[in-house]
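Only heavy atoms go into these numbers, but all of them, side chains included; no hydrogens, no water, no symmetry mates. No experiment lies behind these values; they were computed from the predicted model shown.
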Amino acid sequence: MKRYLSTAIQPIDNKTTDYGEILETVKKCSSQDISDNKVFAVVHIGGKQFKIASNDVIMIHKKIEAECGDIIRLEKVLAIGGRNFTLIGQPLLKRDLATVEGVVVEKTKGEKKIAFKKKRRKNYKRWHGHRQDLSVIKIKKISFDIEQV
């Protein structure tokens, strides 16, 4: 059963939609945006979603298995688009369609967060410190193959 957010959103009727025109429009728009480096992607990493573009630096609150300097491919791409077009997955885009590559710049720990507990009049005080694992990734390239659509 398909659910829609509002009554204004209707399913696409396969018989009346001309996909040839849509693909030609996306090809024109995408080639212009790729040459201008104006392509963005929405990826899912470490339980969070990030909107990224090429040469962005993102900080992830998890430890990644790759070493510093390794090139990694981000698999969970939710959407990709440019100034004049957007491709949205349901919920993810196909692996062959979108490719997002990045370099692991740094693996470190964040600043120390203190959790302080106190019970008044009971002489009870406790300090617990925690440092979150962080991974810093620089996005090198966002590309997609429009022929896969």
Next item on the list: Please check if the side chain of Lys48 supplies one atom and the backbone of Ile60 the other of a donor-acceptor pair under 3.5 Å.
Entry: no

Next item on the list: Can you see which heavy atom on Ile64 is nearest to which on Lys107, and at what distance?
Entry: O-NZ, 2.8 Å

Check: Distance from Glu65 atom CD to Ile72 atom CD1, nearest 0.5 Å?
Finding: 11.0 Å

Notebook entry, point to check: Going from NZ on Lys141 to CD on Glu101, what distance comes out if it is rounded to the nearest 0.5 angstrom?
Noted result: 4.5 Å

Checklist line | Gly110 backbone acceptor or donor facing Gln132 side chain under 3.5 Å | finding: no

Notebook entry, point to check: Roughly how far, to the nearest 0.5 Å, is CG of Asp56 from OG of Ser54?
Noted result: 7.0 Å

Margin query: Would you compute the distance between atom NZ of Lys125 and atom NZ of Lys118 and round it to the nearest 0.5 angstrom?
Written below: 5.0 Å

Next item on the list: Specify the closest pair of heavy atoms between Leu78 and Pro91, including all atoms of both residues, with the distance to one decimal.
Entry: CD2-O, 3.3 Å

Next item on the list: Dump the intermediate steps for side-chain contact (heavy atoms from CB on, under 4.5 Å) on Lys138 and Asn55, then the final yes or no.
Entry: CA-CA 6 Å; Lys138 181 173 183 178; Asn55 297 325; 4.1 Å; yes

Notebook entry, point to check: Is there a chain of hydrophobic side chains (I, L, V, M, F, W, Y, each step under 4.5 Å between heavy atoms) that links Ile45 to Val77?
Noted result: yes

Checklist line | Nearest heavy atoms of Arg73 and Arg95, plus distance in Å | finding: NH2-O, 2.6 Å

Next item on the list: In sequence, state the C-alpha distance, the side-chain angles, and the governing distance for Ile114 and Lys112, and then conclude on side-chain contact (heavy atoms from CB on, under 4.5 Å).
Entry: CA-CA 6 Å; Ile114 302 293; Lys112 190 169 191 174; 4.2 Å; yes

Margin query: Tell me if the NZ atom of Lys76 is crowded by more than 12 foreign heavy atoms within 6.0 Å.
Written below: no

Next item on the list: Establish whether Leu74 and Ile80 are linked, either directly or via other cluster members, by ILVMFWY side-chain heavy-atom contacts under 4.5 Å.
Entry: yes

Check: When clusters are formed by joining ILVMFWY residues with side-chain heavy atoms under 4.5 Å apart, either directly or through shared neighbours, do Val103 and Ile52 land in the same one?
Finding: no

Next item on the list: Kindly determine whether Val105 and Val57 satisfy side-chain contact (heavy atoms from CB on, under 4.5 Å), including the steps that lead there.
Entry: CA-CA 9 Å; Val105 177; Val57 177; 5.7 Å; no

Margin query: Walk me through whether Glu67 and Val104 qualify under side-chain contact (heavy atoms from CB on, under 4.5 Å).
Written below: CA-CA 7 Å; Glu67 296 296 323; Val104 179; over 6 Å; no

Check: Quick one: NE2 on His44 to CZ on Phe50, what's the gap to the nearest 0.5 Å?
Finding: 9.5 Å

Next item on the list: Search all heavy atoms of Leu93 against all heavy atoms of Leu87 and return the closest pair with its distance.
Entry: CD1-O, 4.1 Å

Next item on the list: Can you measure from CD1 (Ile58) to CD1 (Ile139) and round to the nearest 0.5 angstrom?
Entry: 4.5 Å

Notebook entry, point to check: Between Gly102 and Ile137, what is the shortest heavy-atom contact and its length?
Noted result: CA-CG2, 4.2 Å

Notebook entry, point to check: What pair of heavy atoms forms the shortest contact from Ser135 to Lys62, and how long is it?
Noted result: OG-O, 2.7 Å

